[in-house]
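Reviewing the structure listed below.
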Amino acid sequence: MPDTTFHNNVTIITGASSGIGREMAFQLALQGARLALAARDAAKLAEVAAQCRRLGGPALVVPTDVAQEADCRNLIDHTVATYGRIDTLVNNASISMWAMFEEMRDLQVFDQIMQVNYMGCVYCTYYALPYLKASAGRLVGISSMTGKTGVPTRSGYAASKHAMAGFFDTLRIELAGYGISVTMAYPGFVATEVRQRALGPDGRPLQTSPLQEARLMPVETCVRIILAAATKRQREVYTSQVDRFGLWLKIIAPALVDRIARRRIAQGQR
């Protein structure tokens with residue numbers, strides 16, 4: 001029997017036009033969630049929303065640049081005006097990078113990544129918070145294993161995901177009395193378009209992935225794992241036992257984890 005936890009659940013998903021956000025919208029639509037979809041690309045959002053409706057869930061399109069506070073407030077206002085409440089906020093919008101720090105020629109990349117990955121969460125969560133309190137709702141943050149350990153070529157991305165983890169860990173404690181759950185997801189490498197859009201040393205998107213995408217976790221699998229954890233209001237979720245083991249290994253043999261990280265990046269590029 002399919003899970004119906006999110007049936008009629010008013011769920012906002014940022015970064016919903018592609019990757020994890022898009023797939024999450026589809027899987028929640030199958031449960032009958034009432035979706036508000038946010039991303040910068042209005043045309044792609046409209047396509048995702050149309051598919052969600054075909055799958056059985058109403059879908060509101062709100063073009064949003066989460067790096068802009070006013071856009072985030074508008075997203076929340078439009079969602080409440082349409083559905084009357086907010087039950088779940090999925091902070092998924094993200095931008096990555098792929099360059100060694102010493103190769104960087106445009107340091108504005110670091111500002112851009114922090115604005116999208118971290119401040120986007122801050123803005124959306126701040127304006128959604130009164131409604132999440134009223135519904136004893138769910139906060140879901142889509143981080144990355146780089147939010148737990150550094151990875152070569154990802155210095156700015158890792159910094160933003162570490163900031164995101166600290167922010168939501170703090171909110172979990174502050175909001176415990178309101179019945180709001182905070183679920184942080186730490187996926188490893190997942191087959192999405194994120195690497196094609198990752199910023200290179202010149203601040204421009206790579207346009208091609210530096211990894212062998214066919215070797216990575218399918219996005220459908222990743223999203224199923226994350227939604228199962230959000231359904232149970234779990235504190236954290238990792239999408240593979242290898243990643244979970246790596247965190248344990250980092251405690252007792254951090255230098256070994258550093259070497260493994262270097263090797264995984266090198267192997268993925270071949």
Under 3.5 Å, is there a donor-acceptor pair between the side chain of Thr82 and the main chain of Thr79? no
Straight-line distance of Asp65 CG to Asn74 CG, nearest 0.5 Å: 12.0 Å
Side chain to side chain, Met100 and Pro201, heavy atoms closer than 4.5 Å: no
Heavy-atom nearest pair, Gly120 first then Asn91, reads O-OD1, 4.2 Å
Interatomic distance, Leu45 atom CG to Ser17 atom OG [nearest 0.5 angstrom]: 5.5 Å
OG1 of Thr5 to CD of Gln31, rounded to nearest 0.5 Å, is 6.0 Å
Value for CG (Leu75) from OG1 (Thr14), rounded to nearest 0.5 Å, stands at 8.0 Å
With no hydrogens and no angle check, is any side-chain donor or acceptor of Arg53 less than 3.5 Å from a backbone partner on Ala59? yes
Just wondering, do Met24 and Leu227 contact through their side chains at under 4.5 Å, heavy atoms? yes
A side-chain contact here means heavy atoms from C-beta on lying under 4.5 Å apart; do Met184 and Arg172 qualify? yes
Which heavy-atom pair separates Ala67 from Tyr123 by the least distance, and what is that distance? O-CE1, 3.7 Å
Checking Ser135 side chain against Tyr131 main chain: does a donor-acceptor pair fall under 3.5 Å? yes
Does some side-chain heavy atom of Asn117 sit less than 4.5 Å from a side-chain heavy atom of Lys161? yes
If you draw a 6.0 Å radius around CZ in Phe168, do more than 12 non-hydrogen atoms from other residues or ligands fall strictly inside? yes
Between Arg73 and Asp71, does at least one N-O distance fall below 4.0 Å, as a salt bridge requires? no
Does Thr11 offer a backbone N or O that forms a donor-acceptor pair with the side chain of Asp87 under 3.5 Å? no
Side chain to side chain contact (heavy atoms under 4.5 Å, CB included), that's the test. Do Val48 and Gln51 meet it? Break it down for me. CA-CA 5 Å; Val48 174; Gln51 178 63 10; 5.9 Å; no
When you measure from the side chain of Gln27 to the backbone N and O of Glu220, does any donor-acceptor pair fall under 3.5 Å? yes
Show the nearest heavy-atom pair for residues Cys72 and Thr64, with the distance to one decimal. N-CG2, 4.3 Å
Distance check, rounded to the nearest 0.5 Å: Leu28 atom CG versus Phe6 atom CZ? 6.0 Å
Taking everything shown except Glu103 itself, do over 12 heavy atoms lie less than 6.0 Å from its CD? yes
Does the side chain to side chain contact (heavy atoms under 4.5 Å, CB included) test come out yes or no for Cys124 and Leu89, once each step is laid out? CA-CA 8 Å; Cys124 289; Leu89 170 61; 4.1 Å; yes
Salt bridge between Arg224 and Glu23, side-chain N to carboxylate O under 4.0 Å? no
Would you name the heavy atoms of Val66 and Val116 that are closest together and state the gap between them? CG2-O, 3.7 Å
Answer whether the closest heavy-atom distance between the side chains of Leu139 and Thr183 falls below 4.5 Å. no
Donor-acceptor pair, distance only, cut-off 3.5 Å: does the side chain of Thr221 make one with the backbone of Met217? no
Backbone N/O of Ala165 and side chain of Lys148: donor-acceptor pair under 3.5 Å: no
Heavy-atom closest pair, residues Phe26 and Cys52: CD2-SG, 3.9 Å
Rounded to the nearest 0.5 Å, what separation is found between the OH atom of Tyr127 and the CD1 atom of Ile76? 10.0 Å
Stepwise side-chain hydrogen bond (donor to acceptor under 3.5 Å, both in side chains) test for Thr88 and Arg138: CA-CA 5 Å; Thr88 303; Arg138 291 174 171 85; 4.7 Å; no
Looking at the rings of Phe110 and Phe101, which for Trp means the six-membered one, are their centres under 6.0 Å apart? yes
Do Met97 and Gln112 make a side-chain contact, defined as non-hydrogen atoms from C-beta onward lying under 4.5 Å apart? no
Taking side chain as C-beta onward, heavy atoms only, is Leu35 less than 4.5 Å from Leu60? no
Can you find a pair of side-chain heavy atoms, one from Val62 and one from Leu37, that are under 4.5 Å apart? no
Do Ile173 and Phe167 belong together in a cluster built from hydrophobic side chains that touch within less than 4.5 Å? no
Crowded around His78 NE2? As in, over 12 foreign heavy atoms under 6.0 Å? no
Heavy-atom pair with the smallest gap, counting every atom of Lys133 and Leu175: CE-CD2, 4.4 Å
Taking the side chain from Tyr83 and the backbone from Ala36, do they hold a donor-acceptor pair closer than 3.5 Å? no
